[in-house]
Amino acid sequence: MRVLVIGSGGREHAIVRKAAASGLVSEVHCAPGNAGIARQAVCHPVADSDIPGLVELARRIDASLVVIGPEAPLCAGLADQLAAAGFRVFGPNGQAALLEGSKGFAKEVMLAAGVPTAGFARFAEYASARAHIAAISFPVVIKANGLAAGKGVMIATAMEEAEDALSRCFVERSFGDAGLDVLVEECLIGHECSVLALCDGETIVPLEPAQDYKRIHDGDHGPNTGGMGCYSPVPRMPAELVDEIIETVHRPVIAELKRRGIEFKGVLYAGLMLTADGPRVLEFNVRFGDPETQAILPRLETDLVELMLACADGTLDRQRLTWRQERCVSVILASAGYPLSSSRGDVIEGLDPDGGLPGVDVFHAGTAETDGRFVTAGGRVLAISALDSTFRGARQKAYDAASRVSFDGMQLRSDIAAEPAAAESADRP
Ligand code: AMP
Ligand code: GLY
């Protein structure tokens, strides 16, 4: 069968690689893809925002399954359009995607479903939001309601910062229409974690947990990014805790959507804070995480395409997921200026002609090919994922491989998975 993957990041490269390895698949296509994906899939220059163009592409290549990676086309209703045209799709419909596309909608669903989350109030203008913040205690979290590419969340520790954040939303309009609707939330304290689960509308199956690193610099300093690295599994997240989160978060949310006539198929990603009072939801994503996918999929033994078809067809109850016991550590190499900007066209040295390195999985994110050379073409450039029986070994392999790669202004964190690796050493006398 022919699989079409929509998107152009490291997440999509990891999905493409799994699809290419599936016994069910004869051809993998991707739109628009990147220079690394082009080594494993036929790439088509159709943007992930071009909904009619993507439906037309699926028709043209007669896709047996379309996998939608990023949130924007999901929120724009690509899954609905593809389903209406008769395609099997992995990814939720536009209404279900509102769980990510509208933080206010997600809160409303959580309240109705009794799912624990941060207290909040919603505002459509500066003055009332400011008055509310003046009456509560700091820190507060200020969020643009709509999609803002991970940049619409601001934590304010004093009134001046809160005013800045509200200005960015209502005055400077930094987030466009997404920022004209603002949530002011209670700031939760604890360990942040995420639980991703496959859903076919009925059955919910958790994936192995993964821990990402959101800040640009070591020790969780500097601005938030899309994610600078990841590891899986997460010793802090035993199976019992994952199951508890599935039962108290995923199941009631999917049931509440169903009550409203909305079916959820695809990946439901709950971002949580493990607080002293128990897990609390920070946000939902309606897709695989990036870079979580680059640390989770290398450990998946079950055929990913079989699982995605089961989600599309409503037969996930017949699937059993099996995982490699090895640990996976994934380190992101980012371009100069990220996350405030990104640098394009810097030549990437050290990769082999296929865009890889021995002994590790290299997933391309922001890369392009110019005159036969790989160059940077975005903020996050590469994800280097390594498997080993220990976190220490996986870390070593990932960082050894990363040290062979270079480009102007390359940024990477040096502490990805340092914590679970140190805990292993402490376990051994
Ligand atoms: P979100 O896109 O909603 O996940 O927010 C991005 C990041 O902001 C999260 O990963 C957290 O680190 C932080 N954040 C969001 N909401 C809260 C909250 N209520 N309390 C504390 N931190 C938060
Ligand atoms: N790593 C977080 C995300 O994919 O949104």
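Because the structure is predicted, anything quoted here is derived from the model rather than measured. Every number for a ligand or one of its atoms is a count from 1 in the order of the listing.
The option with the heavy atom closest to atom 11 (C) of ligand 1, from among Glu192, Met154, Glu283, is Glu192. Distances from atom 5 (O) of ligand 2 to the heavy atoms of Arg287, Glu292, Glu100, Met228 show the closest one on Arg287. Distances from atom 5 (O) of ligand 1 to the heavy atoms of Val153, Val281, Leu272, Thr275 show the closest one on Val153.
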Original post:
Run the side-chain contact (heavy atoms from CB on, under 4.5 Å) check on Tyr338 and Val381 step by step: do they pass?
Top reply: CA-CA 10 Å; Tyr338 184 71; Val381 177; over 6 Å; no
Subject >> Full working for side-chain contact (heavy atoms from CB on, under 4.5 Å) between Arg324 and Glu208 >> reply: CA-CA 10 Å; Arg324 298 169 70 137; Glu208 285 269 290; over 6 Å; no
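Using a cutoff of 4.0 Å between basic side-chain nitrogens and carboxylate oxygens, Lys397 and Asp361 are not scored as salt-bridged. A salt bridge between Lys103 and Glu185 is absent, with no side-chain N of the basic residue lying under 4.0 Å from a carboxylate O of the acidic one. Remark: Glu108 engages Arg260 in a salt bridge, criterion side-chain N to carboxylate O under 4.0 Å. Between Glu419 and Arg236 there is a salt bridge, with a side-chain nitrogen of the basic residue lying less than 4.0 Å from a carboxylate oxygen of the acidic one. Under 4.0 Å is where a charged nitrogen must lie from a carboxylate oxygen, and between Glu12 and Arg287 no such pair does.
Every atom of ligand 1 is numbered from 1 in the order shown, and the set under 4.0 Å from a heavy atom of Lys214 is 10 (O). Distances below 4.0 Å separate heavy atoms of Glu186 from the following atoms of ligand 1: 18 (C), 19 (N), 20 (N). Counting the atoms of ligand 2 from 1 in the order shown, those under 4.0 Å from a heavy atom of Asn285 are 3 (C), 5 (O). For ligand 1, the atoms sitting less than 4.0 Å from at least one non-hydrogen atom of Lys103 are 1 (P), 2 (O), 3 (O), numbered in the order shown with element in parentheses. Atoms of ligand 1 found under 4.0 Å from any heavy atom of Ala118 (numbered from 1 in listed order, with element): 19 (N). For ligand 1 and Lys143, the ligand atoms under 4.0 Å from any heavy atom of the residue are 3 (O), 15 (C), 16 (N). Every atom of ligand 1 is numbered from 1 in the order shown, and the set under 4.0 Å from a heavy atom of Glu185 is 16 (N), 18 (C), 19 (N). Those atoms of ligand 2 with a heavy atom of Gly289 less than 4.0 angstrom away are 4 (O). When each atom of ligand 1 is checked for a heavy atom of Leu188 under 4.0 Å away, the hits are 18 (C), 20 (N), 21 (C). Proximity to Gly226 (heavy-atom distance under 4.0 Å) selects the following atoms of ligand 2: 1 (N), 2 (C).
Every heavy atom of Arg280 sits 4.0 Å or more from the atoms of ligand 1. Close to ligand 2: Pro291, with a non-hydrogen atom less than 4.0 angstrom away. Look at Cys187 and you'll find a heavy atom under 4.0 Å from some atom of ligand 1.
Ring geometry for His364 against His13 counts as perpendicular: the plane angle is over 60°, on a 0 to 90° scale with 30° as the lower cut.
Put simply, the side chain of Arg392 never gets that close to the backbone of Ala421: no donor and acceptor are under 3.5 Å apart.
Side-chain contact between Glu71 and Asn285: absent, with no pair of heavy atoms (C-beta onward) separated by less than 4.5 Å. A heavy-atom distance below 4.5 Å is not found between the side chains of Val253 and Val281. Side-chain contact between Trp323 and Leu207 is present, with at least one heavy-atom pair separated by less than 4.5 Å.
Residue Leu282 touches ligand 1 through backbone and side chain together, judged by heavy-atom distances below 4.0 Å.
Considering backbone and side-chain atoms together, Asp212 places an N or O closer than 3.5 Å to an N or O of ligand 2. Taking only nitrogen or oxygen atoms, main chain and side chain alike, Glu283 does not reach within less than 3.5 Å of ligand 2. Considering both main-chain and side-chain atoms, Asp290 comes within under 3.5 Å of ligand 2 through a nitrogen or oxygen pair.
When each of Val25, Leu198, Leu297, Val3 is paired with Leu304, the side chain to side chain contact (heavy atoms under 4.5 Å, CB included) condition holds for Leu297 and for no other.
Looking only at protein heavy atoms, the nearest one to atom 2 (C) of ligand 2 is Tyr269 OH, 3.5 Å.
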